[in-house]
Amino acid sequence: MAYWLFKSEPDSWSWDQQKKAGAKGTEWTGVRNFQARNNMKAMKLGDKGFFYHSNEGKEIVGIVEVAKLAHPDSTAKEGNWECVDIRAVTDVPKPVTLDYIKTDKRLKDMVLVNNSRLSVQPVSAEEWKMICDLGGVKKV
DNA sequence: GCCAACGTTGGC
DNA sequence: GCCAACGTTGGC
């Protein structure tokens, strides 16, 4: 089981919208970055991820899981871009902010801190657990 | 709204 | 294959 982090600007796609999409989930389209694409190709069904709001909020607000393996991104006109489907699993009752993550030594190696522009990021098992604890997530 | 940081592109 | 120029992202 691997863990990830999906970044989205709430203006274009928010956690609320993701939740409304329901159990079927939605395609995580629009990624045009090789590293992010490679991360998606490495995902397996059932892998979990954080849902992060960039720009506005700048906090981890939800938990998602991979509902469909990487497949061609239908919104890409050219290039072999791919996307996965993700579905909302549960809220993070106490959203974990970027501000906090930056102050906690144990989280200082998170990609979110060191490469904030990468839109799909890997998260280590330790980081996953810590943020779930901090966020008041009971069980995933 | 600004600007630093990064990834990508294209000329050489 | 290098690197300058450019566009985009995202924190502030």
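Hydrogens, waters and symmetry mates are skipped; everything else that's a heavy atom, side chains included, is used. Here is how names work: the chains are called A, B, and so on, in the same order as the sequence lines, proteins then strands, and each is numbered from 1.
- Taking the side chain of A:Phe34 as heavy atoms from C-beta on, and the options C:dG10, B:dT8, B:dC6, the nearest nucleotide is B:dT8.
- With 3.5 Å as the limit, one finds no donor-acceptor pair spanning the side chains of A:Arg117 and A:Asn33.
- Taking atom CZ of A:Arg32 as the reference point, atom P of C:dT9 lies 11 Å away to the nearest angstrom.
- The side chain of A:Lys58 places no N or O atom within less than 4.0 Å of a non-bridging phosphate oxygen (OP1 or OP2) of C:dG10.
- Look at CG on A:Leu112: it is 7 Å from P on C:dG11, rounded to the nearest Å.
- As a whole-Å value, the separation of A:Asn55 CG from B:dC2 P is 16 Å.
- One can place CD of A:Gln121 at 15 Å from C1' of B:dG7, the figure rounded to the nearest angstrom.
- Of the candidate nucleotides B:dT8, B:dC6, C:dG10, B:dT8 has the atom lying nearest to any side-chain atom of A:Asn33.
- To the nearest 0.5 Å, the span separating CD on A:Gln121 from CG on A:Asn39 amounts to 8.5 Å.
- Screening A:Val64, A:Ile60, A:Leu118, A:Val111 for a side-chain contact (heavy atoms from CB on, under 4.5 Å) with A:Leu5, the sole residue that qualifies is A:Ile60.
- In this structure, A:Trp81 places its CH2 atom 7 Å from P of B:dT8, rounding to the nearest Å.
- Screening A:Met110, A:Lys108, A:Lys58 for a side-chain contact (heavy atoms from CB on, under 4.5 Å) involving A:Ile101 leaves a single residue, A:Met110.
- In this structure, A:Asp11 atom CG and C:dG11 atom C1' are separated by 15 Å, rounded to whole Å.
- Nearest nucleotide to the A:Arg117 side chain, out of C:dT8, C:dG11, B:dG7: C:dT8.
- Considering every non-hydrogen atom in both A:Gly135 and A:Pro93, the closest pair reads O-CD, 3.1 Å.
- Ring to ring, A:Trp28 and A:Phe51 are close: their centroids are under 6.0 angstrom apart.
- For residues 96-111 of chain A, proximity to DNA chain C is found at A:Leu98, A:Lys102, defined as any non-hydrogen atom under 4.0 angstrom from a strand atom.
- The interatomic distance linking A:Asn115 (CG) with B:dT8 (P) rounds to 11 Å, in whole Å.
- Taking the ring centroids of A:Trp81 and A:Phe34, they lie under the 6.0 Å cut-off.
- Atoms CG (A:Leu118) and P (B:dA5) sit 17 Å apart, rounded to a whole Å.
- Between A:Tyr52 and the phosphate of C:dG11, there is a side-chain N or O to OP1/OP2 separation shorter than 4.0 Å.
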